[in-house]
Amino acid sequence: MDEIQLHKAAEVLRRSKYTIAFTGAGISVESGIPPFRGKNGIWNKYDPATLELGFFYENPLESWNVIKQLFYDFFGNAESNTAHQVLAEMEEKGLLKSVITQNIDNLHQQAGSKVVHEFHGNSQKMVCLQCRTYYIPVDIDLDNLPPRCAKCDGLIKPDFIFFGEGIPPDAYQKSVEAASLAEVVVVIGSTGEVMPAAQIPYHAKQHGATIIEVNPELSNFTNSVTDIFLEGKATEIMGKLKDELFKV
Ligand code: APR
């Protein structure tokens with residue numbers, strides 16, 4: 001990891017009056033949650049079509065079998081890691097205004113971040129598609145799929161965004177607003193493959209923001225909007241950035 005780039009990033013972050021973070025699956029890899037793309041990516045083993053909204057309506061049982069395995073059996077008890085925790089500490093010290101995340105794993109909140117805009121929803125909420133009653137996973141019997149609503153027997157869907165589903169308007173609007181105001185965006189662990197989420201760093205750049213990127217590999221952002229590329233794993237880089245930022 002390039003120490004000069006790290007010092008530069010810390011300097012930029014100290015001076016910034018409005019910093020946000022934009023995170024993808026990579027920030028949770030060291031919490032045991034594999035990424036969607038790249039080596040051992042989820043989409044190498046599972047067909048993303050099973051998480052298309054139309055497919056879910058047509059084949060709720062098949063879709064729920066994948067959902068249960070992916071988001072509840074395997075990753076249900078993942079813990080936040082150093083990278084999530086450093087972002088929460090930066091927020092607490094007034095060095096970060098908000099996190100915009102593509103992740104549905106709730107790990108930013110678990111680490112203590114207060115302002116988290118969830119572009120793709122959250123796996124810790126479920127909703128009945130018929131009467132809109134909300135549930136939390138513990139209230140649902142995931143051994144009896146597809147889960148049905150206790151009130152109206154309607155089909156229950158996790159409250160995260162499926163392919164082909166609109167982005168939650170509130171999260172979208174607050175994310176675009178934050179990106180317009182940001183002086184610095186710390187982009188952590190995203191290929192930048194999925195729109196409209198991946199527009200956020202571009203939108204911030206168009207409004208004059210400096211983009212700091214943390215990733216062990218190049219992404220769609222690296223050679224297009226990234227100003228400071230910190231090559232490495234999220235926990236390693238964010239741990240070092242914290243030492244730089246908080247040193248007296
Ligand atoms: N630290 C930081 N970044 C990492 C690490 C790590 N330890 N390990 C992997 N990465 C990087 C990879 O290099 C890659 O750039 O994380 C990124 C993971 O990319 P994706 O799996 O495409 O994740 P993301 O960009 O968040 O995907 C966006 O795609 O399937 C949809 O809804 C899903 O929100 C997801 C969206």
Side-chain angles (χ1 to χ4, degrees), residues 1 5-6 9 21-53 55-56 63 66-67 70-71 74-75 78-87 99-108 111 116-124 157-168 171-172 175 185-202 211-226 228-242:
M1 207 272 309
Q5 292 299 315
L6 185 83
F22 174 82
T23 66
I27 196 171
S28 298
V29 164
E30 291 156 273
S31 293
I33 299 179
F36 290 99
R37 298 170 188 81
K39 58 180 182 299
N40 83 7
I42 287 172
W43 300 142
N44 302 344
K45 299 187 192 86
Y46 292 86
D47 180 357
T50 53
L51 290 185
E52 291 272 354
L53 195 58
F55 182 92
F56 176 79
S63 190
V66 172
I67 291 165
L70 275 184
F71 301 108
F74 297 169
F75 314 140
E79 297 286 325
S80 62
N81 63 49
T82 304
H84 300 104
Q85 288 148 20
V86 169
L87 291 179
V99 174
I100 298 167
T101 189
Q102 300 171 88
N103 302 339
I104 61 172
D105 55 31
N106 206 53
L107 294 185
H108 285 297
V116 181
H117 304 310
E118 295 178 302
F119 225 79
H120 294 153
N122 186 311
S123 60
Q124 295 311 304
K157 173 184 170 294
D159 197 30
F160 54 74
I161 302 307
F162 283 41
F163 290 110
E165 188 174 359
I167 302 301
Y172 185 85
S175 300
V185 184
V186 186
V187 176
I188 307 174
S190 180
T191 46
E193 288 281 331
V194 171
M195 293 293 176
Q199 275 169 348
I200 292 298
Y202 292 97
I211 309 295
I212 297 170
E213 184 181 9
V214 178
N215 200 317
E217 295 173 28
L218 302 184
S219 71
N220 291 353
F221 301 119
T222 316
N223 296 319
S224 52
V225 289
T226 296
I228 303 173
F229 184 55
L230 302 177
E231 186 173 356
K233 293 185 174 182
T235 56
E236 175 213 352
I237 300 291
M238 294 311 287
K240 289 194 169 136
L241 201 52
K242 171 186 168 178

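Order of appearance sets the numbers: ligands from 1, and atoms from 1 within every ligand. These numbers come from the heavy atoms of this one structure, side chains and all, not from hydrogens, waters or symmetry mates.
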Q | ligand 1 contact by Gly38, heavy-atom criterion under 4.0 angstrom | A |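 Gly38: no contact with ligand 1 (<4.0 Å).
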(Q) Under 4.0 Å between a side-chain nitrogen and a carboxylate oxygen: does that hold for Glu217 and Arg37? (A)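 So Glu217 does not pair with Arg37 through a salt bridge.
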(Q) Before you tell me yes or no, could you show the steps for Ile200 and Val185 under side chain to side chain contact (heavy atoms under 4.5 Å, CB included), namely the whole-Å CA-CA distance, both residues' side-chain angles and the distance that decides it to 0.1 Å? (A) CA-CA 9 Å; Ile200 292 298; Val185 184; 5.6 Å; no
What residue and atom, counting heavy atoms only, is the protein's closest point to [atom], and at what distance?
{"atom": "atom 12 (C) of ligand 1", "result": "Asn215 OD1, 3.6 Å"}
{"atom": "atom 8 (N) of ligand 1", "result": "Val29 CG2, 3.7 Å"}
{"atom": "atom 30 (O) of ligand 1", "result": "Trp43 NE1, 3.0 Å"}
{"atom": "atom 31 (C) of ligand 1", "result": "Arg37 NH2, 3.6 Å"}
{"atom": "atom 6 (C) of ligand 1", "result": "Gly26 O, 3.4 Å"}
{"atom": "atom 33 (C) of ligand 1", "result": "Phe36 CE1, 3.6 Å"}
{"atom": "atom 19 (O) of ligand 1", "result": "Thr191 CG2, 3.3 Å"}
{"atom": "atom 25 (O) of ligand 1", "result": "Ser190 OG, 2.7 Å"}

Do [X] and [Y] come close enough that some side-chain heavy atom pair is under 4.5 Å?
{"X": "Thr226", "Y": "Val187", "answer": "no"}
{"X": "Ser224", "Y": "Tyr202", "answer": "yes"}
{"X": "Leu87", "Y": "Thr23", "answer": "yes"}
{"X": "Asp105", "Y": "Gln124", "answer": "no"}
{"X": "Leu51", "Y": "Phe71", "answer": "yes"}

Q. Taking it one step at a time, do Phe162 and Lys157 satisfy side chain to side chain contact (heavy atoms under 4.5 Å, CB included)?
A. CA-CA 10 Å; Phe162 283 41; Lys157 173 184 170 294; 3.5 Å; yes
Which atoms of ligand 1 sit under 4.0 Å from any heavy atom of [X]?
{"X": "His120", "value": "32 (O), 34 (O)"}
{"X": "Ala234", "value": "1 (N), 2 (C), 6 (C)"}
{"X": "Glu30", "value": "1 (N), 6 (C), 7 (N)"}
{"X": "Gly189", "value": "3 (N), 16 (O), 17 (C), 18 (C)"}
{"X": "Gly24", "value": "26 (O)"}
{"X": "Pro35", "value": "18 (C), 21 (O)"}

Q. Ser28 pairs by side chain to side chain contact (heavy atoms under 4.5 Å, CB included) with which of Asn103, Asn106, Ile104?
A.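 Output: one option passes, namely Asn103.
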Q.
Name the residue from Val66, Leu70, Ile67 that meets the side chain to side chain contact (heavy atoms under 4.5 Å, CB included) definition with Thr50.
A.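 The side chain to side chain contact (heavy atoms under 4.5 Å, CB included) with Thr50 is passed solely by Val66 among Val66, Leu70, Ile67.
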Looking only at distances, please establish whether an N/O atom of ligand 1 is found under 3.5 Å from an N/O atom of [X].
{"X": "Gln102", "result": "yes"}
{"X": "Pro216", "result": "no"}
{"X": "Ala25", "result": "yes"}

Q) Step by step, would you call Leu6 with Leu241 a side chain to side chain contact (heavy atoms under 4.5 Å, CB included)? A) CA-CA 7 Å; Leu6 185 83; Leu241 201 52; 3.9 Å; yes
Could you see which bit of [X] sits under 4.0 Å from ligand 1, with heavy atoms only: side chain, backbone, both or neither?
{"X": "Ser219", "answer": "neither"}
{"X": "Glu193", "answer": "neither"}
{"X": "Phe163", "answer": "side chain"}

Q) Relative to the ring of His84, is the ring of His108 parallel (under 30°), tilted (30 to 60°) or perpendicular (over 60°)? A)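 Taking His84 first and then His108, their aromatic rings stand perpendicular (interplane angle over 60°).
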Q: Determine whether the side chains of Thr235 and Asn81 contain a donor N or O and an acceptor N or O closer than 3.5 Å.
A: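 Side chains of Thr235 and Asn81: no pair found under 3.5 Å.
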